[in-house]
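For the single chain, residues carry numbers from 1 onward in sequence order. All heavy atoms count here, side chains included; hydrogens, waters and symmetry mates do not.
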Amino acid sequence: MRRAIKPLVLAGVLLAAPLTAQEHQPPLASVEAWSLLGAPPAPLQGGRADLSRSHARSQATSFSGTPVPAGDFSLTTTLVYQNLADGDVAGIALRGSNGGWISLQLEQITPALLIAVRSHVPDGIDAHGRLRATTAVSGWHQGRVQLKIERRGDTLQFSHAAEGGEWERLGPVFADPIGGVGELGLFAVDGAER
């Protein structure tokens, strides 16, 4: 006859096991195969980026963008991401000199990895952006996801895909919050610092 282990004894053994402290690693993001109006991008680096502040008002931003003129454009890129812990975000954003921005970003909210569109209107109170659309990202992305932003007139459309997969639109067509001229760039934000 087998003896059952008493639950209290098992709990005591689990509590006595040493806990290993995991070193926090900030999220990392980079882009590959960036295509914007046939022009190469400016150097892009993922890092802490406060998209709601202009360069003039904040030295803490690491948002490095490629200038985009007013008018239509299409951006297609592959976002490569690592170390997305709970609360971390990484993606690409279109930011205007007026303080408005809109982003297509990955958000790690345990247990899910989400892809979302967030926007911020000039002088708005939503510093991290108002959620406009979101969906869960399946595990087959494995650290890489294709992203697309298209501007036609004063509207924007966002799409995502697994590498080699079919494009999926995210949300409806959105109004462009930047008012024409702006910059497109990469960002990654450590949720512990938000």
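For the atom pair CD1 of Ile178 and CD of Glu183, the computed distance is 9.0 Å after rounding to the nearest 0.5 Å. Here the straight-line distance linking atom CD of Glu168 with atom CD of Gln146 works out to 11.5 Å at 0.5 Å rounding. For the atom pair NE2 (His120) and CD1 (Ile102), the distance works out to 12.0 Å, reported to the nearest 0.5 Å. Atom CD1 in Ile149 sits 3.5 Å away from atom CD1 in Ile92 (nearest 0.5 Å). Once rounded to the nearest 0.5 Å, the distance linking CH2 of Trp167 with CD of Glu150 reads 8.5 Å. Annotation: the span from Arg130 atom CZ to Ser119 atom OG amounts to 6.5 Å, rounded to 0.5 Å.
The two residues Ser159 and Leu104 have their closest heavy-atom pair at O-CD2, 3.5 Å. Across all their heavy atoms, Gly165 and Ala161 have their closest contact at O-CB, 4.0 Å. The two residues Pro177 and Trp101 make their nearest non-hydrogen contact at CG-O, 3.7 Å. Between Thr135 and His160, the shortest heavy-atom contact is CG2-NE2, 3.9 Å. Listed here is the closest heavy atom pair of Val137 and Leu114: CG2-C, 3.8 Å. Heavy atoms only, all atoms of each residue included: Ser30 and Leu186 are closest at CA-CD2, 3.7 Å.
Linking ILVMFWY side-chain heavy atoms closer than 4.5 Å, directly or via other members, places Phe174 and Leu184 in a single hydrophobic cluster. Placement of Leu79 and Leu113 within a single hydrophobic cluster is found when ILVMFWY residues are connected by side-chain heavy-atom separations under 4.5 Å, directly or transitively. Connection of Val121 to Val117 is not established within any shared hydrophobic cluster, with ILVMFWY side chains joined at heavy-atom distances below 4.5 Å, either directly or through further cluster members. Leu170 and Phe73 fall within the same hydrophobic cluster, where Ile, Leu, Val, Met, Phe, Trp and Tyr residues are linked whenever their side-chain heavy atoms come under 4.5 Å apart, directly or through other members.
Side-chain atoms of Asp88 and Tyr81, non-hydrogen and from C-beta on, never get closer than 4.5 Å to each other. Arg118 is not listed as a side-chain neighbour of Val89, based on a closest heavy-atom distance of 4.5 Å or more. Looking at heavy atoms from C-beta onward, Ser103 lies in side-chain contact with Phe187 at the 4.5 angstrom threshold.
Between the side chain of Asp72 and the main chain of Gly153, a donor-acceptor pair closer than 3.5 Å is present. Arg151 places a side-chain N or O within donor-acceptor distance of the main-chain N or O of Gly71, the cut-off being under 3.5 Å. Of the possible polar contacts, none joining the Asp154 side chain to the Asp176 backbone as a donor-acceptor pair under 3.5 Å is found. Checking side-chain atoms of Thr134 against main-chain N and O of Ile115 turns up a donor-acceptor pair under 3.5 Å.
Between the side chains of Thr78 and Arg144, no donor-acceptor pair is found at a separation under 3.5 Å.
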